[in-house]
Protein chains: 2
Amino acid sequence: MKEKELRRSLAVLPIGTVMKLTSLTARQIRYYEAQQLVFPERNEGNRRMYSLNDVDRLLEIKDYLADGVNVAGIKAIYDQQQKAAQAKATAQQKPLTDEDVRRILQDEFIRQGGLGHPTPGMQRPL
Amino acid sequence: MKEKELRRSLAVLPIGTVMKLTSLTARQIRYYEAQQLVFPERNEGNRRMYSLNDVDRLLEIKDYLADGVNVAGIKAIYDQQQKAAQAKATAQQKPLTDEDVRRILQDEFIRQGGLGHPTPGMQRPL
DNA sequence: CATTCATGTCAGAAAATCTAACATCGGCGT
DNA sequence: ACGCCGATGTTAGATTTTCTGACATGAATG
């Protein structure tokens, strides 16, 4: 079940796609980031890249706002959650080793090659 | 299990992302399309948009090529598969109605709002 | 050696995204 | 009523990404 989590947290979506998936405007999405509600990555060219988890979170934010919760409230909720999660993580140390991550990355979603640009000549030997 | 299929076939990835996920160059990806091995969608601005299924297929193509199968061979394989799938589809008619699709779209991945841009004022009534 | 296949590279145009600034609009306290 | 603030709209100019089309190349092959 670990590769699914990785997949969902891979930042692969540009803001245009996220706009369509959430029906939010770019303005809104960037504003929520400025308010520390989402934390998209940036690609080499400084463009925001979102994961499926980010999309989920944006949809959540939209729900909260529609329910009358303001941005500060939402941030408080997330800060709360994060503190709880952190405590839990501290409890059960070392749940996933670097070795695990490497193995997973070489798996289905990113098979032979994947994100770590291999040298151009790299090919399965025979 | 149907929404997973939909998710995987949603065209949400720009070519830059696909390049990273597959370690293919834009040139290669476009060439495979010209050779009818993949069929990305286009967005309103004519940019290619890929689904996770497309990524899988590109990784497959990469494997085939590494194994010495040329593009014509790969195309033959896919044409074959498609013919088989089509026959099967003809056999069991109407496996998924438009209604089903609509219901699924309104579900998890694209929840309230989703792709079908609702009017700006649209909000859950109270 | 001339072709063909798969890919590289380049140029110019168009689309997408970025930041920063200013505008608007609804609610709310005074 | 007034002014403030939170959330969003809009615009401008710059930068990045992607597009198509053309020409180049290296390996294999007849």
Side-chain angles (χ1 to χ4, degrees), chain A residues 11-50 54 58-77 113 117-123 126, chain B residues 11-50 54-55 58-76 113 117-123 126:
Chain A
V12 293
L13 309 172
I15 200 169
T17 293
V18 175
M19 290 172 64
K20 288 180 189 158
L21 292 177
T22 61
S23 295
L24 292 169
T25 64
R27 183 66 167 93
Q28 289 176 301
I29 296 169
R30 296 197 195 104
Y31 180 68
Y32 303 153
E33 177 186 0
Q35 303 307 310
Q36 313 246 57
L37 297 184
V38 279
F39 306 91
E41 298 183 13
R42 297 294 183 115
N43 70 4
E44 320 74 47
N46 196 40
R47 268 85 245 270
R48 276 168 259 253
M49 298 300 288
Y50 298 83
D54 290 330
L58 286 167
L59 290 169
E60 244 182 62
I61 292 169
K62 206 181 158 189
D63 283 357
Y64 277 129
L65 286 172
D67 284 353
V69 182
N70 67 11
V71 164
I74 299 170
K75 177 154 174 46
I77 291 168
H117 281 191
T119 51
M122 183 192 128
Q123 215 79 17
L126 270 221
Chain B
V12 293
L13 309 173
I15 201 170
T17 293
V18 175
M19 290 173 63
K20 289 180 190 156
L21 292 177
T22 62
S23 295
L24 293 168
T25 65
R27 183 66 167 93
Q28 289 175 302
I29 296 169
R30 296 196 195 105
Y31 180 68
Y32 303 152
E33 178 186 359
Q35 303 306 309
Q36 313 245 56
L37 296 184
V38 278
F39 306 91
E41 297 183 13
R42 298 294 183 113
N43 70 4
E44 320 74 47
N46 197 39
R47 268 84 244 269
R48 276 169 259 254
M49 298 300 289
Y50 299 83
D54 290 330
V55 172
L58 286 168
L59 290 169
E60 245 183 61
I61 292 169
K62 204 181 161 189
D63 282 357
Y64 277 129
L65 287 171
D67 285 352
V69 181
N70 66 12
V71 165
I74 300 170
K75 177 155 172 46
H117 283 190
T119 51
M122 183 194 127
Q123 215 79 17
L126 267 220

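Distance check, rounded to the nearest 0.5 Å: CG of A:Leu24 to CD1 of A:Ile61 gives 8.0 Å. Separation of atoms CG (B:Leu59) and OG (B:Ser23) is listed at 8.5 Å; rounding is to 0.5 Å.
Counting heavy atoms from C-beta on, the side chains of B:Leu37 and B:Tyr64 never come closer than 4.5 Å.
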Quick test: give all pairs of protein nitrogen or oxygen and nucleotides 13-17 of chain D nitrogen or oxygen below 3.5 Å, distance rounded to 0.1 Å.
residue	atom	partner	partner atom	Å
D:dT15	O2	A:Arg47	NH2	3.4
D:dT16	O4'	A:Arg47	NH1	3.3
D:dT17	OP1	A:Asn43	ND2	3.2
D:dT17	OP1	A:Gly45	N	3.3

Between the protein and nucleotides 2-10 of chain C, are there any N/O to N/O pairs under 3.5 Å, and if so, what are the atom names and distances?
residue	atom	partner	partner atom	Å
C:dA6	OP1	B:Val71	N	2.8
C:dA6	OP2	B:Tyr31	OH	3.0
C:dT7	OP1	B:Gln28	NE2	3.0
C:dT7	OP1	B:Tyr32	OH	3.0
C:dT7	OP2	B:Tyr32	OH	2.8
C:dT7	O4	B:Arg27	NH2	2.8
C:dG8	OP2	B:Thr25	OG1	2.7
C:dG8	N7	B:Arg27	NE	3.1
C:dG8	O6	B:Arg27	NE	3.3
C:dG8	O6	B:Arg27	NH2	2.8
C:dT9	O4	B:Arg27	NE	3.3

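In this structure, the side-chain contact (heavy atoms from CB on, under 4.5 Å) partners of A:Ala26, at least two apart in sequence or on a different chain, are A:Ile15, A:Met19, A:Arg30. Every residue two or more places apart in sequence or in another chain that forms a side chain to side chain donor-acceptor pair (under 3.5 Å) with A:Arg48 is listed here: A:Glu33. Evaluation of the side-chain contact (heavy atoms from CB on, under 4.5 Å) rule for A:Asn43 yields A:Arg47, A:Met49, B:Lys20 as partners, not counting sequence neighbours. Remark: A:Glu41 pairs with A:Ala11 by the side-chain contact (heavy atoms from CB on, under 4.5 Å) rule, at least two apart or across chains.
Summarising the geometry, the separation between CZ on A:Arg30 and C1' on D:dT8 is reported as 13 Å, rounded to the nearest angstrom. Counting to the nearest Å, the C1' atom of D:dA7 and the CD atom of A:Glu33 are 16 Å from each other. We find that CG of A:Leu13 is positioned 15 Å from C1' of C:dA16, with the value rounded to whole Å. One can place CE of A:Met19 at 12 Å from C1' of D:dG9, the figure rounded to the nearest angstrom.
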*Would you sort out whether A:Gln36 and A:Lys75 count as a side chain to side chain contact (heavy atoms under 4.5 Å, CB included), showing the intermediate values?*
CA-CA 7 Å; A:Gln36 313 246 57; A:Lys75 177 154 174 46; 3.8 Å; yes
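A close approach under 4.0 Å does not occur between any side-chain nitrogen or oxygen of A:Arg48 and OP1 or OP2 of C:dT17.
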